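From a predicted model like this one, the values you see are computed outputs, not experimental measurements.
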Amino acid sequence: MSRPKSRRELYSEATRAALLETATAMFAERGFARTSLDDIAVATQVTRGAVYHHFESKQAVFEAVFDALEQDMTARVSAAAAGQPDAWQAAMAALDAFLDLCCEDRYGRLCWLEGPLALGWARWMDYEKKYAFALIDGFLQAARAEGLLAPVPAPTSSELVFHLLGGAGRIIAEAQGADRRALRDDCAVTIRRMLNGMRA
């Protein structure tokens with residue numbers, strides 16, 4: 001049986017959560033380069049020392065924000081796919097959920113525009129392999145297992161679809177206001193047509 005957390009531990013967890021919420025909002029609004037640790041501390045109403053107690057650098061804060069966003073993306077995309085009649089329809093429902101997320105400032109801007117800059121290309125790709133690529137590969141494997149895919153090379157098809165969706169994420173995130181939703185719908189139609197070429 002685990003012991004109850006102390007008041008100090010609960011306060012520390014609440015402070016960390018508040019810092020991440022503030023940082024997420026500020027990174028999404030200003031971008032990584034234009035947000036400082038001092039900005040985050042002031043907006044969260046904590047000292048700079050409190051920030052450093054939890055995170056060793058601004059990049060570490062961004063990395064925690066990024067990881068949380070990718071976990072949320074995985075959960076929302078997986079929930080959208082659950083209960084679909086077959087693996088292909090599950091993948092299409094997941095696609096719609098992903099494109100909807102790309103319209104949101106937090107996920108779209110932070111994961112597809114700010115992420116490679118803040119984390120560096122190699123570290124950003126590590127996260128994408130862990131989350132987005134893993135999801136795509138899983139959906140394609142499931143469709144292949146159900147006999148719904150043509151005999152295309154497995155690793156190559158997953159890699160190409162990953163970059164296709166990444167391109168969609170970037171152009172949606174770069175769009176402004178009402179244009180973003182229209183572009184999302186254009187991407188949905190175009191990607192579906194392209195992916196249908198992989199069907200058995």
Counting only N and O atoms by type, is there a donor-acceptor contact under 3.5 Å from the side chain of Glu114 to the main-chain atoms of Phe32?
-> yes
Please examine the side chains of Leu135 and Met73, heavy atoms only from C-beta on, and report whether any two atoms are closer than 4.5 Å.
-> yes
Rounded distance (nearest 0.5 Å) linking atom CD1 of Ile172 with atom CG of Leu113 = 11.0 Å
First locate atom CZ of Arg16, then atom NE2 of His53, and finally report the distance between them rounded to the nearest 0.5 Å.
-> 10.5 Å
How many angstroms lie between atom CG of Leu140 and atom CG of Leu148, to the nearest 0.5 angstrom?
-> 11.0 Å
Go through the steps to decide whether His54 and Leu20 satisfy the test side-chain contact (heavy atoms from CB on, under 4.5 Å), and finish with yes or no.
-> CA-CA 10 Å; His54 294 281; Leu20 288 179; over 6 Å; no
Would you kindly confirm whether Ile171 and Ile191 end up in one hydrophobic cluster when ILVMFWY residues are joined by side chain heavy atoms under 4.5 Å apart?
-> yes
Is there a donor-acceptor contact under 3.5 Å from the side chain of Arg109 to the main chain of Ala28?
-> yes
Please answer whether the main-chain N or O of Cys111 pairs with a side-chain N or O of Trp124 as donor and acceptor at a distance below 3.5 Å.
-> yes
Closest non-hydrogen atom pair between Ala143 and Trp88, with its separation | CB-CE3, 4.4 Å
For Ala81 and Ala90, the nearest pair of non-hydrogen atoms, with its separation, is CB-O, 3.5 Å
So do the side chains of Glu63 and Asp67 get within less than 4.5 Å of each other, counting heavy atoms only?
-> no
Lys/Arg-Asp/Glu bridge criterion (N-O < 4.0 Å) met for Asp179, Arg184 | no
Presence of salt bridge, Asp38 and Lys58, under 4.0 angstrom = no
In one Ile/Leu/Val/Met/Phe/Trp/Tyr side-chain cluster, 4.5 Å: Met125, Phe133 = yes
Look only at the side chain of Arg180 and the backbone of Cys103, and say whether a donor-acceptor pair between them is shorter than 3.5 Å.
-> yes
Do Phe27 and Ile40 have side-chain heavy atoms sitting under 4.5 Å apart?
-> yes
Indicate the atoms forming the closest heavy-atom contact of Tyr52 with Glu56, along with that distance.
-> CE2-O, 3.4 Å
Can Leu160 be reached from Leu165 by stepping across I, L, V, M, F, W or Y side chains whose heavy atoms are under 4.5 Å apart?
-> no
Name the orientation class of the two ring planes belonging to Trp112 and Phe98 (parallel below 30°, tilted from 30 to 60°, perpendicular beyond 60°).
-> perpendicular
If we only count heavy atoms from C-beta on, is the Val189 to Met194 side-chain gap below 4.5 Å?
-> no
Check the angle between the aromatic planes of Tyr127 and Tyr131 and answer parallel, tilted or perpendicular using the 30° and 60° thresholds.
-> parallel
Taking 4.0 angstrom as the limit, do Arg192 and Asp96 come out as a salt bridge?
-> yes
Could you check Thr156 against Glu159 for side-chain contact (heavy atoms from CB on, under 4.5 Å), going step by step and ending with a plain yes or no?
-> CA-CA 5 Å; Thr156 302; Glu159 193 77 33; 5.7 Å; no
Is a side-chain N or O of Arg144 found less than 3.5 angstrom from the main chain of Leu149, in a donor-acceptor match?
-> no
Gap separating the CG atom of Leu101 from the CG atom of Asp72, nearest 0.5 angstrom | 6.5 Å
Considering only heavy atoms from C-beta outward, does the side chain of Leu37 approach that of Val61 to under 4.5 Å?
-> yes
Met198 side chain reached by Leu195 side chain, heavy atoms, under 4.5 Å | yes
In terms of heavy-atom contacts, Cys102 and Gly169 come closest through SG-CA, 3.6 Å
Could you grab the distance from atom NZ of Lys129 to atom CG of Asp137, nearest 0.5 Å is fine?
-> 9.0 Å
Single-linkage hydrophobic cluster, 4.5 Å side-chain cutoff, Phe62 and Leu117 together = no
Can Val46 be reached from Met26 by stepping across I, L, V, M, F, W or Y side chains whose heavy atoms are under 4.5 Å apart?
-> yes
Between Asp39 and Ser36, is there a donor-acceptor pair closer than 3.5 Å when you use the side chain of the first and the backbone of the second?
-> yes
Short N-O contact, Arg106 and Glu21, less than 4.0 angstrom = yes
Closest approach of Ala80 to Ala97 (non-hydrogen atoms, all atoms of both residues) | CB-CB, 3.6 Å
Contact summary for Phe66 and Gly115, nearest pair of heavy atoms | CE1-CA, 4.0 Å
